[in-house]
Amino acid sequence: DDDDDRQLLPNQKDSAAMAESPDENSDDQLMVSHGSGEPKKESRGKLADLFSSAERTKTTILLWIIWFSAAFGYYGIVLLTTEILNIIDELRKSGFTDGSFMPCHDYSYAKNQSCELLIMDDYKQVLWTTAAELPGILVTAVIIERIGRKKTMAVEFGGCVVAFFLMYICPINKIALMMLIFVVRGLITGAFQAAYVYTPEVYPTAVRAIGLGMCSSVARVGAEIGRAV
């Protein structure tokens, strides 16, 4: 009989009723988690929310400075490495050095020379300085949980400043100069990664994405200025 075939078993009827009717318990849980009344939807963050209070404005400005400085220093040292090696090669060709040290000499004319190919030894030096990023990240991963995010960035930025100043000592041995570049690149890479960890933690969920995105945009500005300088 067709009518009998269309009849549901008791357990099937219960399943169908549960599927068609809303679960009152889940509604109660939703109201408990969101409070009484209609569930509240949190609005998407806007740029103005980054400056909604004096404390958040201060945090945003400081983060922009951190990201700007990190990008400026990172891309600056990356491009400066090949420029320094090129200048040493130019001074070696002019007889001011044998290529093993950077002399105390006005080498502004060398900066105006056309782009020259690096020698094989220079490529090895660039490779070694590039490898500094790995230990920089590993050291940051270890100390960031021990001394905190702020202190990690402070130590690494401070170390970068000291190493940058030491690079301007002349005459300086080429190997010592490459070691300082190695230190700078490792520290600035670690500071960059620490900023990536720290930034999402200081913003609430609603503005976390736009806060991190704006910091990244400011970093791009720092990278462009660092390239020009």
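- With sequence neighbours left out, Thr59 forms a side chain to side chain donor-acceptor pair (under 3.5 Å) with no residue at all.
- Under the 4.5 Å side-chain criterion, counting only non-hydrogen atoms from C-beta, Phe157 is in contact with Ile188.
- Just one of Ile181, Asn86, Asp122 meets the side-chain contact (heavy atoms from CB on, under 4.5 Å) condition when paired with Thr81; it is Ile181.
- For the 3.5 Å distance criterion, the side chains of Gln193 and Tyr198 fail to qualify, holding no donor opposite an acceptor.
- Applying the side chain to side chain donor-acceptor pair (under 3.5 Å) criterion to Tyr203, with sequence neighbours excluded, gives Thr60.
- Using a 4.5 Å cut-off on side-chain heavy atoms (C-beta onward), Phe182 and Pro135 make contact.
- Arg208 has no carboxylate O lying under 4.0 Å from a charged side-chain N of Asp49, or vice versa, which leaves the two without a salt bridge.
- Across every non-hydrogen atom of Cys160 and Val184, the tightest pair is SG-O, 3.7 Å.
- Closest approach of Ala191 and Glu156 over heavy atoms only: N-OE1, 2.8 Å.
- Taking CG of Asn173 as the reference point, atom CE of Met179 lies at 10.0 Å (rounded to 0.5 Å).
- Taking CD from Gln125 and CG from Leu177, the interatomic distance works out to 9.0 Å, rounded to the nearest 0.5 Å.
- Taking CG from Leu50 and CD1 from Ile210, the interatomic distance works out to 5.5 Å, rounded to the nearest 0.5 Å.
- A single hydrophobic cluster is seen to contain both Val221 and Leu63, as judged by linkage of ILVMFWY side chains at heavy-atom distances under 4.5 Å, directly or through other members.
- Note on Leu79: it does not cluster hydrophobically with Phe164, by side-chain heavy-atom contacts below 4.5 Å among ILVMFWY residues.
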For the pair Trp67 and Thr199, evaluate side chain to side chain donor-acceptor pair (under 3.5 Å) and give the outcome as yes or no after the intermediate values.
CA-CA 10 Å; Trp67 281 73; Thr199 302; 2.9 Å; yes
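- There is no path of hydrophobic side-chain contacts, each under 4.5 Å, that joins Leu138 to Tyr74.
- Note on Ile137 and Val183: separate hydrophobic clusters, where clusters join Ile, Leu, Val, Met, Phe, Trp and Tyr whose side-chain heavy atoms are under 4.5 Å apart, directly or indirectly.
- One distance of note links CG of Leu212 with OG of Ser217; it measures 9.5 Å at 0.5 Å rounding.
- Nearest heavy atom pair, residue Ala195 against residue Pro200, reads O-CD, 4.5 Å.
- Within the 4.5 Å cutoff, the side chain of Ile144 has no heavy atoms near those of the Lys151 side chain.
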Are Met167 and Leu80 close enough, and set up right, to give a side-chain contact (heavy atoms from CB on, under 4.5 Å), and what steps lead you there? CA-CA 11 Å; Met167 287 172 56; Leu80 185 63; 4.0 Å; yes
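- At a threshold of 4.0 Å, the pair Arg227-Glu224 counts as salt-bridged, since one of the basic side-chain nitrogens sits closer than that to a carboxylate oxygen.
- Expressed to the nearest 0.5 Å, how far CG of Leu187 lies from CE of Met153 amounts to 14.0 Å.
- Side-chain contact check for Glu201 versus Val197: some heavy-atom pair is nearer than 4.5 Å.
- To the nearest 0.5 Å, the span separating CD1 on Ile77 from CZ on Phe72 amounts to 11.0 Å.
- Closest non-hydrogen pair, Tyr75 versus Ala223, comes out as CD1-CB, 3.4 Å.
- The closest side-chain heavy-atom distance from Ile225 to Phe68 is below 4.5 Å.
- Leu47 and Val202 fall within the same hydrophobic cluster, defined by Ile, Leu, Val, Met, Phe, Trp and Tyr side-chain heavy atoms under 4.5 Å apart, directly or through other members.
- Annotation: side chain of Pro204 is in contact with side chain of Arg56 (closest heavy-atom distance under 4.5 Å).
- Checked against Leu85 for a side-chain contact (heavy atoms from CB on, under 4.5 Å), the options Thr129, Asp121, Val126 give a single hit: Val126.
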